[in-house]
Amino acid sequence: MARLGRHYCIKETDVTDLAFDIKEIQPEPEFDLWLYAEIAGETRFADALMHALEESWNRWKDHLKAVRLVRKQGKGDFLVVWLEEPVEAEVEAKWDESPTDGLSLHNLAVTMVMGAARAAIPELEENKCAPMPKPTGSIQDAFEALGMEWNSDGTIDRKYAVFTFMPYKGGCEICFLEEDCPSSKMEKKWGRNRKNPS
């Protein structure tokens with residue numbers, strides 16, 4: 001087995017057969033209150049909540065993973081950022097205890113993966129969205145080597161993850177999920193967009 005990071009492994013045979021080299025990235029996103037507020041849809045937060053979020057953020061850092069999928073031939077790399085299963089389990093458990101607290105942790109997890117993606121690809125901050133590439137067979141093989149699988153609906157089996165082009169290539173117009181994206185549907189219905197909502 002070939003060790004990649006501290007909490008997940010890939011098989012050496014898988015790596016040599018892949019169309020991509022898997023390059024580990026050390027994600028170290030700072031907590032972005034403005035991003036959290038945008039995701040949560042709130043502008044004011046109690047001190048107790050902020051303290052709890054800080055504790056969770058620091059505890060989750062070791063479960064935040066990121067890699068760059070580098071094509072062995074041709075151009076077109078990809079960024080993959082995700083939180084491991086223990087974070088998902090913690091959020092689910094909190095939902096059962098308190099839906100309000102569970103939602104706060106859910107928003108924090110989304111903030112963490114998006115913050116890490118923005119740190120790696122600064123253009124994402126301006127454009128607000130990380131368009132998802134089409135999951136080709138070679139891409140699915142790379143995800144399988146990382147211990148993740150694609151679902152039939154075109155999503156991966158991690159609840160908190162970002163998979164996008166690296167470097168930045170564009171917005172919604174190149175996203176595999178454009179037709180099913182709630183934000184995209186809202187823009188088409190109301191004639192608005194995230195960059196210019198007026």
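Residue numbers run from 1 in the order of the sequence given.
Annotation for Leu64 and Ala116: closest pair CD2-CB, 4.0 Å, computed over non-hydrogen atoms. The two atoms that bring Val91 and Gly102 nearest to each other are CG1-O, 3.9 Å, heavy atoms only. The nearest pair of heavy atoms linking Phe20 to Gly76 is CE2-O, 4.3 Å. Of all non-hydrogen atoms in Ala109 and Trp60, the two that sit nearest each other are N-CZ3, 3.6 Å. What you find for Ile22 and Ala145 is that their closest heavy atoms are CD1-CB, 4.4 Å.
Val162 places none of its side-chain heavy atoms less than 4.5 Å from the side chain of Val80. Contact of the Leu105 side chain with the Ser56 side chain is registered, since non-hydrogen atoms from C-beta on lie closer than 4.5 Å. Residues Leu83 and Arg158 have side chains not in contact (no heavy-atom distance under 4.5 Å, counting atoms from C-beta outward). Considering only heavy atoms from C-beta on, Lys65 stays 4.5 Å or farther from Ile25 through its side chain. When side chains are defined from C-beta on, Leu49 counts as touching Ser104, because their heavy atoms get closer than 4.5 Å. Side-chain contact between Trp95 and Asp101 is absent, with no heavy-atom pair separated by less than 4.5 Å.
By the 30° and 60° cut-offs, the orientation of the rings of Phe78 relative to Phe163 is tilted. Using cut-offs of 30° and 60° for the angle between ring planes, the Tyr36 and Phe31 rings count as tilted.
Between the side chains of Glu144 and Trp150, no donor N or O sits under 3.5 Å from an acceptor N or O. Checked by atom type, the side-chain pair Ser98/Thr100 shows no donor-acceptor distance below 3.5 Å.
Within 6.0 Å of CG on Asn58 lie more than 12 heavy atoms contributed by other residues, nucleotides or ligands. Atom CD of Gln140 sits in a crowded spot, with more than 12 heavy atoms from other residues, nucleotides or ligands closer than 6.0 Å. Around atom CD of Glu55, more than 12 heavy atoms belonging to other residues, nucleotides or ligands sit under 6.0 Å away.
For the atom pair Leu79 CG and Phe165 CZ, the distance stands at 12.0 Å (nearest 0.5 Å). The OG1 atom of Thr111 lies 8.5 Å from the CG atom of Leu53; values are rounded to the nearest 0.5 Å. Distance CD/Glu85 to CD/Glu90: 14.0 Å, rounded to 0.5 Å. For the atom pair Ile139 CD1 and Leu18 CG, the distance stands at 11.5 Å (nearest 0.5 Å). A distance of 10.0 Å separates NE2 in His63 from CE in Met112, rounded to the nearest 0.5 Å. Rounded to the nearest 0.5 Å, atoms CD (Glu54) and CZ (Arg59) are 11.5 Å apart.
Aromatic pair Trp82/Tyr160: ring centres not closer than 6.0 Å.
Between the side chain of Asp157 and the backbone N or O of Glu149 there is at least one donor-acceptor pair closer than 3.5 Å.
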* Start with the C-alpha distance between Arg118 and Glu123, add both sets of side-chain angles, then the distance that settles salt bridge (Lys or Arg N to Asp or Glu O under 4.0 Å), and finish with yes or no. => CA-CA 7 Å; Arg118 288 183 176 188; Glu123 294 90 342; over 6 Å; no
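Between Asp77 and the choices Arg71, Lys23, Arg68, the side-chain hydrogen bond (donor to acceptor under 3.5 Å, both in side chains) rule is met once, by Arg68.
Salt bridge absent: Lys61 and Glu28 never bring a charged side-chain N and a carboxylate O closer than 4.0 Å.
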